[in-house]
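Working notes, beginning with the structure itself.
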2 protein chains.
Amino acid sequence: MTSRELPKAAVAVDLAIFTVRDERLHVLLVERGKEPFLGALALPGGFVEPGEDLRSAAARELKEETGLDADELYIEQLGSYGAPGRDPRGWVVTVAYVALMPNLPLPTTGGDAIDARWVSVDALLADPSSPTPTELAFDHRQILVDAVERVRSKLEYTTLATAFCPREFTVAELRRVYEIVWGQPMDPPNFHRKVTGIPGLLTPTGATTTRDGGRPAQLYRQGPANHLHPAILRTS
Amino acid sequence: MTSRELPKAAVAVDLAIFTVRDERLHVLLVERGKEPFLGALALPGGFVEPGEDLRSAAARELKEETGLDADELYIEQLGSYGAPGRDPRGWVVTVAYVALMPNLPLPTTGGDAIDARWVSVDALLADPSSPTPTELAFDHRQILVDAVERVRSKLEYTTLATAFCPREFTVAELRRVYEIVWGQPMDPPNFHRKVTGIPGLLTPTGATTTRDGGRPAQLYRQGPANHLHPAILRTS
DNA sequence: GCAAAAGTGTTCCGGATACACCCATGC
DNA sequence: GCATGGGTGTATCCGGAACACTTTTGC
């Protein structure tokens with residue numbers, strides 16, 4: 001069998017880039033500038049080039065859409081979506097990636113000026129029977145639902161929550177990430193004891209801050225650990 | 001943009017089909033009958049047809065290789081692999097799936113007679129510096145490594161271990177699945193108490209068996225639950 | 001002083017562990 | 001009886017949940 005006999009598909013990557021801002025989990029969406037789904041909101045993404053690794057393609061799209069380098073933030077493969085008819089242009093298989101970043105200004109807003117915006121995940125995924133449910137292009141709603149669940153579950157047993165925090169952060173700021181992503185309050189004293197007791201999660205800087213009011217809080221950086229022992233579990 | 005302007009790749013599915021037999025975790029491998037990697041062992045798989053869903057393609061390959069229907073066993077997407085050069089025929093992106101099945105005879109051995117065989121995962125993934133490390137075609141060794149880790153971790157918080165068991169099984173047989181997949185012994189009394197206390201995991205049949213010797217053991221079927229509360233955690 | 005947020009102490013409880021012990025079969 | 005594996009009882013330990021309380025700042 002030679003390769004020219006094989007049926008072939010276009011291969012795309014789509015990115016679900018999350019951040020926490022304004023006390024809500026947000027995802028980065030772009031307004032499509034061309035058909036199909038012209039004008040609709042979509043996950044940023046694009047086609048993979050021949051000779052390009054899937055992850056490299058995701059990193060390239062990330063750079064194009066946000067100006068950020070992939071090695072500056074967390075990125076992982078979510079899964080592939082290839083249902084027939086998911087793209088009216090033909091057979092397109094997309095590989096979805098999840099990326100997490102702190103609440104930074106997006107550098108490209110002054111550069112390539114792609115019309116990318118942060119959208120609240122809660123608002124976006126609220127009941128589809130609402131008066132004006134925001135429609136996403138392609139099957140991006142399903143990808144987003146899967147991506148959100150991936151992020152929520154990964155907070156349980158990995159140090160991923162720190163990817164939402166600035167380089168130096170307090171325990172309370174980390175706690176708010178959990179509360180916002182999971183949509184449930186955490187007991188501050190127990191959370192503090194727990195995360196400061198997980199080896200490798202937090203590296204103390206020695207500095208303190210009062211930016212959140214009240215008694216000065218210790219500032220930490222992300223520690224060397226990638227997994228949580230013990231895990232931080234959702235009660236639900 | 002029209003679809004004929006897009007660069008295109010062949011899309012394949014590969015299956016890591018696991019079972020537990022002879023006190024070892026085994027994976028189903030086929031001997032390749034054509035180039036590339038003629039004669040080498042590989043995960044069963046094949047190319048996706050246009051208009052075919054990825055999961056359907058995986059189910060079709062499963063049927064072709066084992067004679068089993070996908071709705072008879074557990075199957076889930078593992079991830080996609082698209083590194084340049086991973087297939088010497090050209091640009092091929094593969095979507096890997098993981099499937100789990102009890103230790104059944106493979107129906108096709110009398111039918112299409114594809115040369116599929118069960119291979120011990122431990123032996124296959126043993127140190128690559130061994131005198132005769134079994135080479136797998138393409139990047140199937142990496143896919144297998146990822147698949148094994150997926151299975152191991154999923155046993156912790158899902159009811160997946162029952163997918164390795166026959167339709168009716170004892171608590172001890174379920175325990176042996178955990179011991180074999182994780183490679184660590186479990187305390188029989190505590191394991192028994194734990195799994196019989198997890199709601200929805202086990203449905204008693206009322207029947208007993210002495211097939212494992214000793215006192216008759218209760219026989220169970222898989223219960224309605226998909227997730228374990230509480231989880232069964234590896235100690236390592 | 002007062003409010004607010006950080007952080008500590010303490011109690012309670014459920015689940016995990018370790019292991020002694022009993023049960024029901026085949027031989 | 002004896003061996004074998006199934007299953008129960010029980011004491012202990014550890015981590016999580018709840019919440020009272022102290023600390024340190026801004027105002």
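Naming: A, B, ... by sequence-line order, numbering from 1 per chain.
- Distance, B/D187 CG to D/dG7 C1': 12 Å, rounded to whole Å.
- With rounding to whole Å, B/F191 atom CZ is found 15 Å from D/dG5 atom C1'.
- Rounded to an integer number of Å, the gap from CZ of B/R193 to C1' of C/dA20 is 12 Å.
- Counting to the nearest Å, the C1' atom of C/dA4 and the CZ atom of A/R175 are 12 Å from each other.
- With hydrogens and angles disregarded, no donor-acceptor distance shorter than 3.5 Å links the side chain of A/K154 to the backbone of A/T159.
- Of the candidate nucleotides C/dA16, D/dT25, C/dA6, D/dT25 has the atom nearest to the side chain of A/T210.
- On a pure distance criterion of 3.5 Å, a polar donor-acceptor pair joins the side chain of A/N190 and the base of D/dA18.
- In this structure, the separation between CZ on B/R221 and CD on B/E168 is 4.5 Å, given to the nearest 0.5 Å.
- In this structure, the CZ atom of B/R234 is 16 Å from the P atom of C/dA16, given to the nearest Å.
- Judged by closest nucleotide on DNA chain C, A/V171 is the one of B/I232 and A/V171 placed further toward the 5' end.
- Whole-Å rounding puts the B/H229 NE2 to D/dG16 P distance at 17 Å.
- The nearest whole Å value for the distance from the CG atom in B/D212 to the C1' atom in D/dG7 is 14 Å.
- Nearer to the 5' terminus of DNA chain C, by closest-nucleotide assignment, is the contact made by A/G213 (compared with the other of A/G213 and B/P189).
- Salt-bridge annotation for A/R150 and A/E76: present, with a side-chain N of the basic residue lying under 4.0 Å from a carboxylate O of the acidic one.
- Side-chain to base pairing of A/R215 with D/dG26: no donor and acceptor N or O lie closer than 3.5 Å to each other.
- Residue B/P216 is in sugar-phosphate contact alone, with no base atom involved, counting any heavy-atom pair closer than 4.0 Å across all strands shown.
- OP1 and OP2 of D/dG6 both lie 4.0 Å or more from every side-chain N or O belonging to B/H192.
- Contact annotation: B/R211 side-chain N/O to D/dG5 OP1/OP2 distance is not under 4.0 Å.
- At distances below 3.5 Å, at least one donor-acceptor pair connects side-chain atoms of A/T209 with backbone N or O atoms of A/R211.
- Within 4.0 Å (heavy atoms only), B/T209 reaches no atom of the nucleic acid at all.
- In the set D/dG7, D/dG16, C/dT8, D/dG16 carries the atom at the smallest distance from any side-chain atom of A/K194.
- In this structure, CE of B/M186 is placed 10 Å from P of C/dA16, rounded to the nearest angstrom.
- With distances taken from any side-chain atom of B/P230 to the nucleotides C/dA16, D/dG6, C/dA6, the minimum falls on C/dA16.
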